[in-house]
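Just so we're clear, the structure is a prediction, and the values are computed from it rather than from any experiment. Throughout, residue positions are numbered sequentially from 1 according to the sequence presented.
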Amino acid sequence: MIRAFRKPVLSDRFRRRVERQWLIGRAVNRRGALKSVSNRTADIKPGDILAFVTQRNERVRLPYFLDYYRDLGVSHFLFVDNDSDDGSADFLRQQRDVSFWTTKASYKRARFGMDWINWLLMRYGRNHWCLTVDPDEFLVYPHCDSRSLPALTNWLDASGRRSFPAMLLDMYPRGMLDEEPYHEGQNPFEIVNWFDPANYAISKNHYFGNLWIQGGPRTRAFFSHDPLSGPALNKTPLVKWHWRYAYVSSTHMLLPRQLNQVYDEDGGEMASGCLLHAKFLSTFAEKSAEELKRRQHYANSQEYRAYDAGLQSGISLWCEESRQYQDWRQLEDLGLISRGNWA
């Protein structure tokens with residue numbers, strides 16, 4: 001008798017391990033695309049909190065961004081500059097707590113910059129709490145007005161946690177997006193200080209174990225015809241890094257899988273924060289046109305094509321349900337962040 005054998009199916013656990021090794025290998029292979037311009041990593045001390053950032057032509061945002069995170073307790077910043085021509089490189093070179101690398105390589109072919117960031121995390125982030133954010137993302141967490149990031153990470157260490165989630169909360173102005181000009185060094189939330197208090201959908205990605213969050217003003221205004229094509233809002237930006245870790249897709253999810261399991265499925269709540277997203281300043285239209293032309297973003301820049309169409313029609317993100325931002329306690333009352341058992 002001839003017995004038919006089925007081709008063995010790889011377990012999800014084994015597939016994730018292979019994928020993680022592949023991501024680490026990509027990061028190592030693409031490190032040659034990065035040219036060191038100002039490497040001050042010798043100044044990094046044990047226990048320092050590090051921030052990792054990819055940017056292009058964000059000069060006007062950088063002063064406030066750096067000061068915000070310095071005040072929170074970030075000790076050193078590691079930047080990848082993707083071929084800026086707006087003076088960003090000169091500005092970053094002058095910052096004594098910044099190391100930065102530049103590259104002319106394709107942002108898209110580097111998995112939208114994550115190959116570069118994964119390499120820097122592997123090389124310099126080991127055994128440090130590492131915050132990976134964009135220049136328009138500002139972390140807010142319970143007690144952030146009275147407790148520094150080191151206080152948060154010390155508590156996370158004591159709790160045995162190695163990652164901390166933060167939902168991306170899109171902020172926008174009351175009027176038209178280009179109505180009030182943004183000036184270098186200005187607090188962006190003097191202008192974009194409104195947000196959607198609800199209108200969010202949550203599902204679970206069983207393969208990676210993370211929650212997938214969509215909704216808010218971008219889905220409402222730009223993707224109402226197909227909400228599932230709207231941007232993901234779930235992020236895990238703060239991680240106690242190990243060289244075997246890797247971001248899979250932006251900071252939406254990581255490997256190993258347990259780093260994504262930052263929620264309680266038994267009815268309780270684990271501590272979490274928000275990333276206030278200051279994308280929609282007066283500079284947005286110019287930035288959107290540039291990125292649409294470059295076509296270096298996900299899905300052939302589908303998101304920026306939607307933005308361009310909305311901008312052409314003179315769209316405003318504010319609506320009757322919009323809520324004006326006050327502080328982290330307001331976000332906790334709305335269920336957007338949680339202090340969990342961090343009293």
Side-chain angles (χ1 to χ4, degrees), residues 5-31 33 50 52 54 78 80 106-134 137 153 156-157 159-168 201-214 228-266 268-273 275 297-299 340:
F5 289 93
R6 286 195 319 172
K7 184 178 180 180
V9 178
L10 298 178
S11 70
D12 283 350
R13 184 176 180 181
F14 181 75
R15 288 172 56 203
R16 285 190 292 266
R17 184 183 303 122
V18 170
E19 184 171 357
R20 175 162 51 91
Q21 292 170 347
W22 177 74
L23 291 169
I24 291 171
R26 280 185 63 106
V28 172
N29 289 336
R30 282 159 175 75
R31 72 189 188 280
L50 311 180
F52 293 77
T54 301
L78 296 90
V80 175
S106 168
Y107 178 75
K108 185 176 184 179
R109 291 177 183 173
R111 290 192 319 108
F112 313 104
M114 293 316 297
D115 288 336
W116 305 328
I117 291 297
N118 274 338
W119 163 248
L120 294 180
L121 284 163
M122 186 192 320
R123 178 67 179 83
Y124 300 105
R126 287 177 287 181
N127 299 318
H128 290 273
W129 279 96
C130 299
L131 181 69
T132 302
V133 288
D134 291 337
E137 295 176 347
T153 56
L156 291 169
D157 279 327
S159 303
R161 292 182 57 180
R162 297 190 67 88
S163 55
F164 182 80
M167 176 182 140
L168 194 67
I202 303 176
S203 59
K204 183 176 179 180
N205 182 324
H206 291 279
Y207 180 74
F208 288 106
N210 62 303
L211 298 181
W212 196 254
I213 306 174
Q214 292 176 288
L228 293 180
S229 66
L233 305 177
N234 51 286
K235 295 209 167 190
T236 306
L238 185 61
V239 179
K240 182 71 170 287
W241 205 260
H242 189 285
W243 72 267
R244 292 190 179 96
Y245 295 172
Y247 276 114
V248 178
S249 174
S250 181
T251 55
H252 300 308
M253 48 206 178
L254 302 105
L255 287 171
R257 183 177 187 265
Q258 60 263 31
L259 295 170
N260 301 316
Q261 296 170 334
V262 288
Y263 50 88
D264 193 326
E265 294 186 300
D266 298 322
E269 286 187 344
M270 293 175 69
S272 63
L275 285 171
H297 287 268
Y298 180 74

Point-to-point distance, once rounded to the nearest 0.5 Å, from [atom1] of [X] to [atom2] of [Y]:
X	Y	atom1	atom2	answer
C130	L78	SG	CG	8.5 Å
T54	I117	OG1	CD1	3.5 Å
M253	N260	CE	CG	8.0 Å
L238	T132	CG	OG1	9.0 Å
I24	L121	CD1	CG	11.0 Å

So, is the end of the R16 side chain (NZ or CZ) under 6.0 Å from the ring centre of F208 and within 45° of the ring's axis?
no

Do [X] side-chain atoms and [Y] backbone N/O form a donor-acceptor pair below 3.5 Å?
X	Y	result
R257	Y207	yes
Q214	L228	yes
H242	R244	yes

Could you check, using the six-membered ring where one of them is a Trp, whether Y247 and W241 have ring centers closer than 6.0 angstrom?
yes

Run the side-chain contact (heavy atoms from CB on, under 4.5 Å) check on T153 and K240 step by step: do they pass?
CA-CA 9 Å; T153 56; K240 182 71 170 287; over 6 Å; no

Given W212, which of N234, I202, L233 fulfils the side-chain contact (heavy atoms from CB on, under 4.5 Å) condition?
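Running side-chain contact (heavy atoms from CB on, under 4.5 Å) over N234, I202, L233 with W212 returns exactly one hit, N234.
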
Name the orientation class of the two ring planes belonging to W116 and Y107 (parallel below 30°, tilted from 30 to 60°, perpendicular beyond 60°).
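Rings of W116 and Y107: tilted, 30 to 60°.
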
